[in-house]
Amino acid sequence: MPDLNLVFRRKDDIRYRVVGDEAIVVRQNAAEVLALNDVGARVLELIDADKTLAQVIATMSGEYDVRPDELANDVQRFVAAIRDAGIVVDVSEEVSEKVR
Amino acid sequence: MRTKRERKVSSSQSLEPSYDETILGTWENHHLFSALVELTYRCNLDCYFCYNDLDLAGDPLRLADYERLFEEMRTLGCLHLTLSGGEPLAHPDFFAIGAKARELDFVVRVKTNGHGLDRELAGRLRSEVDPFIVEVSLHGACAETHDRQTRVAGSFDRLVHNLDVMRATGLRVKINTALTRWNEREIEGMFAIADRFAVPLTLDPEVTPRDNGDRDPMRISASPEGLRHLVAVQASRRKGTQAEVLREGDAEIHSRDPDRHCGAGASGIAIDPYGNVYPCVQWRRAIGNVHGSSLQGIWRANGKLDEIRRLTVEAKGVVSGHDSEVPLVGFCPGVAEMLTGDPLAVPESTSTRANVLSELPLHPVQ
Ligand SMILES: C[S@@+](CC[C@H](N)C(=O)[O-])C[C@H]1O[C@@H](n2cnc3c(N)ncnc32)[C@H](O)[C@@H]1O
Ligand code: SF4
């Protein structure tokens, strides 16, 4: 599971909008469409190159009625899934790849 | 917390994502989801059949207008943005407009004749706009046929060269062709061109009148033989039956929503270079103008739009009430209004096409 101090950002080919209670995500390179539920949509909205996962979770804990450890666990697992699906990328990994 | 569902584009022939449920939801909830914006009617080609009304006058939208408009579209939740024309690249601020669309995270489609997309412009398009797809128009499988349509000598050779350049630049490309009497014997040849560049080709069987009602373009509508040949070629490429090809076309257009014929004015709009807003690029009944009003105002409180939405529900009845032996493939209330004055009347050209297609044999194509 990704560390809470990691910073993620959406990949360049990702386009998305919130439609009703879900987010429609288009991966342009793969010509793929994914639908995320409302909580997933909120994570995607909050993720940007400035915030650590811990900060994303802190913002969401004020919005959802869930135990903090449960929320942190859920968000970490969700971010791992969208990282593996090629929707977000770990900014520090990008930097180290460039240095290499 | 997991992704609710994950869908892959179903056909390798298509870059169009298939997410029917979402689309239906946007229709039902009047969620503006896609917009087609005609940036200019200027063009570097001069197609014989072009539907643009070149006499239309007005105050053209400028870069600042587009920036404001795109911001509003985003606020409304619009995801898909098609830049068309005229030739969109002929707008002096095309790249700034496209970059704004990218900045606001739209899924951008650029409809272009491809004539100007040399290495430099294709590179700029890729890096500054990064569209989801570039849709280029092909009018035949050889220079003689293509250039006869565009009325610009050398346009076929240049397009084929630019297709190569676009692919090398990493742009995702799709070819669109309107089937005409002039190119209907070159269907296999046009597919061969698409296959050579490994890009999808979509053939539209209908030539529409000009936006000012002039029917002259329809003089080169495909013949019944051309239509039959098109369906046969499509069926053989998909290794299916002609009936399957027809049913698929029918399903795409009519069968998804139990209540509504299409998304015109329900989840989609078109805007011309002078700011006039229409329910669809094919339905030229203006519902407002963004010069004087906000798009949000036009979209949310508008008697003309309510009327359009009511008509798309009634149009569903026109199609479902049609002779069950002759499915009314390709009925469009916008074209119907243009040709007959009544959006719910079936134009002769639509019923002729439906008759031709309904007579096709239903056996597998060799
Ligand atoms: C008006 S053009 C604008 C974009 C660009 N200039 C181009 O040609 O692709 C949009 C599409 O409409 C097609 N088209 C133009 N006039 C038509 C007509 N009367 N009937 C059917 N398709 C038409 C063109 O071939 C093109 O694919
Ligand atoms: S290239 Fe497109 S806009 Fe230009 S004349 Fe042809 S169809 Fe019309």
Side-chain angles (χ1 to χ4, degrees), chain A residues 1 9-48 53 56-57 60-61 63-64 66-67 69-88, chain B residues 1-35 73-81 101-109 126-134 170-174 199-200 267:
Chain A
M1 290 225 290
R9 71 166 184 85
R10 288 187 291 277
K11 281 199 162 176
D12 287 340
D13 73 319
I14 298 299
R15 306 285 186 270
Y16 84 102
R17 286 285 184 274
V18 175
V19 178
D21 63 355
E22 59 184 27
I24 300 301
V25 180
V26 176
R27 291 178 57 197
Q28 297 204 136
N29 288 344
E32 258 179 5
V33 185
L34 299 100
L36 309 181
N37 63 22
D38 56 342
V39 188
R42 186 68 183 133
V43 174
L44 201 63
E45 257 173 341
L46 290 174
I47 279 184
D48 65 33
L53 266 193
V56 170
I57 293 165
M60 289 180 74
S61 65
E63 301 171 354
Y64 292 86
V66 194
R67 279 206 341 259
D69 56 329
E70 212 176 295
L71 179 69
N73 196 32
D74 274 1
V75 170
Q76 279 173 293
R77 258 195 282 169
F78 176 76
V79 170
I82 58 176
R83 178 193 57 200
D84 295 346
I87 295 173
V88 295
Chain B
M1 198 187 327
R2 293 211 316 264
T3 58
K4 245 206 267 181
R5 42 180 203 278
E6 188 167 329
R7 279 170 297 214
K8 182 127 183 127
V9 173
S10 54
S11 152
S12 60
Q13 276 299 307
S14 165
L15 275 171
E16 294 290 331
S18 144
Y19 39 116
D20 313 10
E21 287 166 45
T22 309
I23 299 294
L24 281 188
T26 62
W27 289 16
E28 278 162 20
N29 302 319
H30 298 161
H31 176 115
L32 180 63
F33 198 52
S34 56
M73 285 177 186
R74 190 169 116 131
T75 304
L76 284 164
C78 181
L79 176 63
H80 296 281
L81 175 58
R102 180 194 182 162
E103 181 198 318
L104 295 176
D105 268 337
F106 285 99
V107 173
V108 177
R109 289 169 172 78
R126 176 84 175 83
S127 62
E128 295 174 36
V129 184
D130 189 19
F132 171 56
I133 201 157
V134 182
L171 286 164
R172 289 168 287 266
V173 180
K174 170 180 187 282
V199 301
S267 71

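These numbers come from a predicted model, not from an experiment. Letters A, B, ... are given to chains in the order of the sequence lines, protein chains preceding strands, and every chain is numbered from 1.
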dist Leu76(B):CG -> Arg17(A):CZ (nearest 0.5 Å) comes out at 10.5 Å
If one checks every heavy atom of Asp130(B) against chain A at 4.5 Å, the contacting part turns out to be both
Taking every heavy atom of Arg10(A) against every heavy atom of Asp105(B), the minimum-distance pair comes out as NH2-OD2, 4.4 Å
All heavy atoms of Val107(B) vs all of Arg15(A), minimum pair found to be CG2-CB, 3.6 Å
The interface call for Asn29(A) against chain B, heavy-atom contacts under 4.5 Å, is both
Closest non-hydrogen contact found for Gln28(A) with Val108(B) is OE1-N, 4.3 Å
